[in-house]
Amino acid sequence: MADWQTKDRPTVVLSRQLPTQVEARAAGRYHLRTNAADTPLDGPALVARCAGADSLVVCPADRVSAATIAALPPSVRILATFSVGTDHIDLEAARTRDLVVTNTPDVLTAATAEIAMLLILGAARRAVEGERLARAPRDANDAWTGWTPTQLLGRQLTGKRLAILGMGRIGRAVAERARAFGMIIHYCNRSRLPPKLECGATYHASADEMLGIADFLTVHCPATAETKGWLTADRIGLMPPGAIVVNTARGAIVDDVAMIEALKTGRLFAAGLDVYDGEPVINPGYQALPNVFLLPHLGSATVETRNAMGFRALDNLDAFFEGREPPDRVV
Ligand code: DGY
């Protein structure tokens, strides 16, 4: 019989409600402290829930600061995030505290690439304006009056150059899908990929140089000290006039003021955004613009992917409590 079956079950705190199948699997093995009301918990509330617990599972919307980590009871030895991103966790503080941190890579790739394609298409084909027009009541001033040759003309994907910033798993999955739409793939990555992974895409060692050909730019790098505020007014100025920007990575990578200005003037034709600096607050400048296709951080929001993320988080906890190295250990 495995160790965990004979000893007291570890106590695991869930910061938010997880998918039913994930909570069911977890309950079979751990004492669970769930958040059935699914209310957001701040640092002190998380710490209070962790009294006497062995592990904490958090999500990208939880801010796990150095102060929160320092205040966690010593019994908490592993923090599993229900996400691939770890920018919401002070990893340095975790290292100092000797707190193991794990994430959920791989399993979000397809879902996030699908959302990137939705944003690319939605931004290019003016989905926001089209939807609004189709929903306007028949007797409204702005009601649809019928097909016209010049109505809501968008940009075609076919034959356009798609610049991918960050050619990891998600970047490559977007490239694969975009190729099927006839797009020509360019990418910038820390290092050049082998031909088998590059699949004919053009590598740019310099992101600024890549921007010069970016009819479309899609962002797939993590938010780090190096990438925060990366898409500045100057960089937007390097892009061809009328380019389209899509971001499914992290809002902090974009300078919102610069992007809103470029969208207002038409320097950028459109943007598709799933992530925002300071979520859940969205810069009202974006909300006011018809040429921005906005989604509320839905990149990984499919039943399949959210279950897979939860199972992956549990695989990490299982390994840890069985004395094995968690497969997705970040710290
Ligand atoms: C992640 O896992 O980091 C994603 O942003 C969640 O959709």
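We count ligands from 1, going down the list as the structure has it; atoms in each ligand are counted the same way. Predicted, not measured: the structure shown is a model, and the values here were computed from it.
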K.L.:
Provide the number and element of each atom of ligand 1 under 4.0 Å from a heavy atom of G85.
P.N.:
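Near G85, meaning under 4.0 Å from one of its heavy atoms, ligand 1 has 1 (C), 2 (O), 3 (O).
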K.L.:
Run the salt-bridge test on R25 and D315 with the 4.0 Å N-O cut-off and return the result as yes or no.
P.N.:
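Yes.
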K.L.:
Hey, which atoms in ligand 1 end up nearer than 4.0 Å to a heavy atom of H297?
P.N.:
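Contacts of ligand 1 toward H297, numbered from 1: 4 (C), 5 (O), 6 (C), 7 (O).
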K.L.:
Run the salt-bridge test on D106 and R312 with the 4.0 Å N-O cut-off and return the result as yes or no.
P.N.:
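Answer for the salt bridge query: yes.
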K.L.:
Search all heavy atoms of M210 against all heavy atoms of I164 and return the closest pair with its distance.
P.N.:
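Result for this residue pair: CE-O, 3.7 Å.
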K.L.:
Applying side chain to side chain contact (heavy atoms under 4.5 Å, CB included), can you list everything that pairs with P44, at least two apart in sequence or on another chain?
P.N.:
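So P44 forms a side chain to side chain contact (heavy atoms under 4.5 Å, CB included) with D42.
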K.L.:
Only pairs under 3.5 Å count here: list side-chain donor-acceptor contacts from residues 284-298, not counting sequence neighbours, and write none if there are none.
P.N.:
from : atom 1 : to   : atom 2 : distance (Å)
Y286 : OH     : D256 : OD1    : 2.6
N291 : ND2    : L263 : O      : 3.0
N291 : ND2    : F269 : O      : 3.2
H297 : ND1    : E279 : OE1    : 2.8
H297 : ND1    : E279 : OE2    : 3.2

K.L.:
Between S83 and ligand 1, does any nitrogen or oxygen pair lie at a separation below 3.5 Å?
P.N.:
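Between S83 and ligand 1, no N or O pair is found under 3.5 Å apart.
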K.L.:
Tell me which part of R250 gets within contact of ligand 1: side chain, backbone, both or neither, using heavy atoms under 4.0 Å.
P.N.:
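Answer for R250: side chain.
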K.L.:
Output yes when the distance from some N or O of ligand 1 to some N or O of L108 is under 3.5 Å, and no in every other case.
P.N.:
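The answer is no, given that L108 and ligand 1 share no N or O pair closer than 3.5 Å.
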K.L.:
With heavy atoms of S300 as the reference, note each atom of ligand 1 found under 4.0 Å away.
P.N.:
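This gives 6 (C), 7 (O) as the contact atoms.
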K.L.:
With no hydrogens and no angle check, do the side chains of S15 and D62 hold a donor and an acceptor under 3.5 Å apart?
P.N.:
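There is such a pair between these side chains.
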K.L.:
Show me which atoms of ligand 1 lie under 4.0 Å from any heavy atom of V84.
P.N.:
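Matching atoms, with element in brackets: 1 (C), 2 (O), 3 (O).
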